[in-house]
Amino acid sequence: MNDLNYLSEQLNPPQIEAVKHTEGPLLILAGAGSGKTRTLIYRIWYLIEEKRVNPWNILAVTFTNKAASEMRNRLQSLLPRTDSMNVWVSTFHSACVKILRQHISRLGMSNSFAILDGNDQLRIVKKCIKEVDDSPESLHHLAVIKEIRQSKNELNTAQEYKGLMRENYYGLRIADVFLHYERKLRENASLDFDDLLFFVWKLFKEHPDVLDYYQNRCRYILVDEYQDTNHAQSQIIYLLAEKHQNICVVGDDDQSIYRWRGADIHNILDFEKVYPQAKTIYLEQNYRSTQVILKAANQVISLNQMRKEKELWTDNEEGDKIIFFEAFNEQMESKYISQKIQSFYRGDFSHYNDFAALYRTNAQARAIEEALRNDGLSYRIVGGLKFYERKEIKDLIAYLKVVVNPDNQLNLLRIINVPHRKIGQATIAKIEAFADEQHLSLYQGIIAMFEAEELTTGSKKGLSHFIDSLHKWREFSKDHKISSLLEVMIEDTDYMEYLAKEKTEQAESRIENVKELLAGIRYFEKQNEGKTLEDYLDYVSLFTDIDEYEKGADTITLMTVHSAKGLEFPVVFMAGMEKDLFPLGRNSINISDLEEERRLFYVAMTRAQKRLFLTRAKKRNIFGSSKDTSCSPFIEEVPSQYLTRDTGKSDSQGAYEIFDYRAKRPRESTQRDLKKASFFQFPESTSEGNIQEILRAGDRVYHEKWGEGLVLYKEGQGENTKISINFGGLKKKLMIKYARLRKIG
DNA sequence: GTGCCGGACCTTTTT
DNA sequence: GGTCCGGCAC
């Protein structure tokens with residue numbers, strides 16, 4: 001088929017224009033739901049198929065691994081395999097890691113650097129404050145981190161930062177911590193997230209031959225979500241595109257919601273100034289939402305001053321009004337969400353993944369989770385405590401990192417006494433002092449101390465055993481798979497025993513997590529044959545939970561609005577529409593903060609395809625005590641003709657629709673239902689306790705991992721009750737208190 | 001060197 | 001309501 005005919009079947013006129021404008025800078029302002037990813041994909045297809053551009057010369061940058069892998073998948077279905085494989089599709093951060101692993105030695109640094117995550121950074125900054133500041137308690141670590149990150153994003157070194165703080169006493173104190181922090185990172189050959197960008201920029205600036213290589217390689221550059229770029233990122237892109245000028249950025253200033261982490265909205269607002277030759281194309285047809293939702297969202301966002309004027313339109317149906325519901329407290333709010341989902345389910349929307357509950361802060365997930373669990377609905381929480389940030393996972397990853405690079409003190413310290421080897425503060429201080437004196441790394445210091453026979457008996461045994469094991473693992477890793485190595489390490493250190501001995505109820509789930517980690521590694525090995533332990537560690541360092549989110553599973557999705565960007569759902573619940581929560585602001589919230597919150601609200605609204613619910617709680621638990629709340633000002637910003645209040649009939653305490661399964665239609669709630677609901681509101685014991693009473697042989701239950709099952713019999717008493725369940729032929733005996741079972745039906 | 005207790009502080013949002 | 005950290009007892 002003729003390419004142009006094909007394109008006009010797939011895309012609308014402005015989208016086609018964006019695809020065909022291949023030479024020179026291009027700004028695509030793509031509103032929510034306007035098919036921007038689709039446009040990008042076809043643009044790459046067009047470059048390769050029509051313009052005969054070598055796929056190898058195309059770079060497509062995204063912000064999340066999820067977005068990158070989605071793009072890769074969609075390219076694969078459109079292009080011959082070899083072509084789609086050769087396009088460099090990557091996140092900013094992984095592209096930078098790839099570049100630095102090759103060339104950072106040109107800056108006099110080690111190519112085998114470690115990557116610190118946010119928690120590592122936090123711990124190190126705290127420590128640095130204590131080590132160099134005169135009154136550590138008056139210097140808040142978050143303030144310091146903010147300054148460090150901002151400085152790096154603005155491409156200033158610690159020295160330059162100190163220069164800028166000349167007259168500023170407080171700033172100078174931060175500068176000293178910053179300098180110390182940098183020294184510590186360099187000594188340990190470690191880079192934080194912001195360093196990844198900073199050093200790529202530095203590399204390009206100081207080594208024109210390296211820049212030239214990448215300029216020639218990346219002749220056609222595409223950047224997704226350009227409104228989220230920070231200064232460092234935009235400068236890297238600027239340098240890369242300088243030679244060929246084939247830079248296409250896609251974004252929506254109205255969806256810029258990462259200003260707080262350094263995203264500079266001016267990058268997109270001023271694109272035409274930075275690239276005077278730029279062409280600008282607007283994608284304003286929305287394919288996602290109903291008229292009502294889209295018009296309401298348009299109205300809300302139009303209140304922002306700092307934006308490019310535009311108005312999305314759609315051919316979609318008019319749709320139902322947006323519903324606003326005020327609940328007594330967050331338990332009732334959650335109950336309402338659960339009830340609404342049940343009344344829709346098997347009605348207009350037949351899958352659980354048609355529903356999403358969004359919120360401003362992760363802490364709100366708990367109440368919603370509890371309501372859904374009590375009602376036996378299948379849900380999943382995206383984000384929150386992340387898998388790779390769990391203690392047990394970080395421990396084992398640190399073991400792997402130490403095998404790769406024992407000189408990294410940060411990782412070594414994390415595991416040197418985990419599990420316990422009787423190596424405490426005193427011993428470590430002693431080694432540190434010795435190592436400093438001899439100008440050795442901590443690891444080399446330990447070895448040297450053995451040779452010098454400087455160690456006391458107490459910790460000697462534990463230390464020598466640890467060092468011997470480390471040698472053994474390093475040898476072992478040379479000709480064994482990552483998963484085998486980890487298995488051996490877990491075995492040698494009795495790590496599972498160590499977890500099991502922690503009598504907390506977390507023990508079981510921690511052990512499960514370790515198994516999941518092993519399974520994850522095996523999967524990685526299968527997917528990436530020939531990749532090394534170092535490759536795996538890079539992958540883990542840049543992995544986030546939203547990457548894991550898959551449409552496939554049929555569950556209700558709970559996540560923050562930030563995580564929801566780029567996704568869509570037929571039915572969206574936006575919970576917590578309260579002043580000080582959404583918009584979130586404590587003491588003072590200035591206009592530009594408010595505008596960012598409004599953009600966030602706009603993102604939330606535009607996730608909805610068919611139905612949108614806004615809910616709030618009149619009382620909410622904050623830090624354990626119940627507080628009265630007032631309504632979010634955003635509610636008033638939604639035009640009243642698109643909004644209808646669900647009063648829950650006459651009862652303002654929060655009546656709701658109940659789905660009557662026998663009649664297969666909703667009925668109104670009765671006093672009895674309300675009583676029942678308020679029982680769930682205050683579960684005396686947690687759901688584990690409740691469920692134990694409820695479950696009996698013959699009940700159907702749902703388990704996160706095993707799916708649906710049939711209860712066969714119970715065994716034992718009280719806390720230690722075990723339950724035998726048949727999961728589709730597979731019989732399992734589980735401890736009730738750990739199994740997290742949900743009753744079905 | 002380890003483990004337990006109590007108080008402070010906490011919540012944005014994420015690569 | 002949860003986490004982290006310091007202090008104290010063993």
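Chain A is the first sequence line, chain B the second, and so forth, proteins listed ahead of strands; every chain is numbered from 1. Computed over heavy atoms, backbone and side chain alike; hydrogens, waters and symmetry mates excluded.
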Review point. Out of dT15(B), dT12(B), dT14(B), which nucleotide sits closest to the side chain of F193(A)?
Key: dT15(B)

Review point. Any side-chain N or O of S563(A) under 4.0 Å from OP1/OP2 of dT14(B)?
Key: yes

**Study point:** Interatomic distance, K130(A) NZ vs dG6(C) P [rounded to whole Å]
**Key:** 4 Å

Practice item. Would you kindly give the CG-to-C1' distance between N417(A) and dT2(B), to the nearest whole Å? Key: 9 Å

Exercise for review: To the nearest Å, give me how far apart CG (N119(A)) and C1' (dT15(B)) are.
Suggested key: 13 Å

Review point. Counting any heavy atom closer than 4.0 Å, what does F92(A) reach on the DNA or RNA strands: base, sugar-phosphate only, or nothing?
Key: nothing

**Study point:** Pairing residues for T615(A) by the side-chain contact (heavy atoms from CB on, under 4.5 Å) criterion, not counting sequence neighbours
**Key:** F325(A), E333(A), Y336(A), I337(A), A575(A)

Check your understanding: Below 4.0 angstrom from OP1 or OP2 of dT12(B), is there any side-chain N or O of T560(A)?
Key -> no

Check your understanding: Rounding to the closest angstrom, what is the interatomic distance between dC5(C) and dT12(B) at atom C1'?
Key -> 23 Å

Review point. Where the side chain of A426(A) is concerned, which of dT14(B), dT12(B), dG1(B) is the nearest nucleotide?
Key: dG1(B)

Point to revise | R366(A) atom CZ, over 12 foreign heavy atoms within 6.0 Å | key: no

**Study point:** Test salt bridge (charged side-chain N to carboxylate O under 4.0 Å, His left out) applied to D117(A) - qualifying residues, sequence neighbours left out
**Key:** K394(A)

Review point. Looking only at side-chain N and O atoms, does H420(A) come under 4.0 Å of OP1 or OP2 in dG3(B)?
Key: yes

Report each atom pair, protein N/O against N/O of nucleotides 5-10 of chain B, whose distance is under 3.5 angstrom.
none

Practice item. Under the salt bridge (charged side-chain N to carboxylate O under 4.0 Å, His left out) rule, collect the residues that match up with E637(A), sequence neighbours excluded. Key: R598(A)

Check your understanding: Does S464(A) have any side chain to side chain donor-acceptor pair (under 3.5 Å) partners at least two apart in sequence or in another chain, and if so, which?
Key -> none

Exercise for review: Identify, between D194(A) and G424(A), the residue whose nearest nucleotide on DNA chain B lies closer to the 5' end.
Suggested key: G424(A)

Practice item. Starting from C1' on dG1(B), measure out to NZ on K430(A) and report it in whole angstrom. Key: 14 Å

Practice item. Assign N362(A) to base, sugar-phosphate, or nothing according to its heavy-atom contacts below 4.0 angstrom with the strands shown. Key: sugar-phosphate

Practice item. Flag this pair as yes if the NZ/CZ of R186(A) is under 6.0 angstrom from the six-membered ring centre of F113(A) and inside a 45 degree cone about the axis; otherwise no. Key: no

Review point. How close or far is atom C1' of dG1(B) from atom CD1 of I416(A), stated in whole angstroms?
Key: 14 Å

Exercise for review: Would you mind reading off the distance between N621(A) atom CG and dG2(C) atom P, rounded to a whole angstrom?
Suggested key: 11 Å

**Study point:** Y495(A): side chain to side chain donor-acceptor pair (under 3.5 Å) partners, not counting sequence neighbours
**Key:** D395(A)

Study note, to complete from the structure: Quick note, K422(A) side chain, CB onward, closest among dG2(C), dG1(B), dT14(B) is dG1(B)

Check your understanding: With V132(A), which of R173(A), K127(A), H180(A) fulfils side-chain contact (heavy atoms from CB on, under 4.5 Å)?
Key -> H180(A)

Point to revise | Side chain of K126(A) (C-beta onward), nearest among dT14(B), dG1(C), dC5(C) | key: dC5(C)

Revision key, fill the gap. K565(A) atom NZ is separated from dT12(B) atom C1', nearest whole Å, by 16 Å

Check your understanding: Rounded to the nearest Å, what distance is computed from the CZ atom of residue R261(A) to the P atom of nucleotide dT11(B)?
Key -> 18 Å

Review point. Across the strands shown, which category fits R123(A) at heavy-atom distances under 4.0 angstrom: base, sugar-phosphate, nothing?
Key: nothing

Check your understanding: Looking only at side-chain N and O atoms, does T64(A) come under 4.0 Å of OP1 or OP2 in dT14(B)?
Key -> no

Check your understanding: F63(A) stacking on dT15(B): centroids under 5.5 Å, ring planes under 30°?
Key -> no

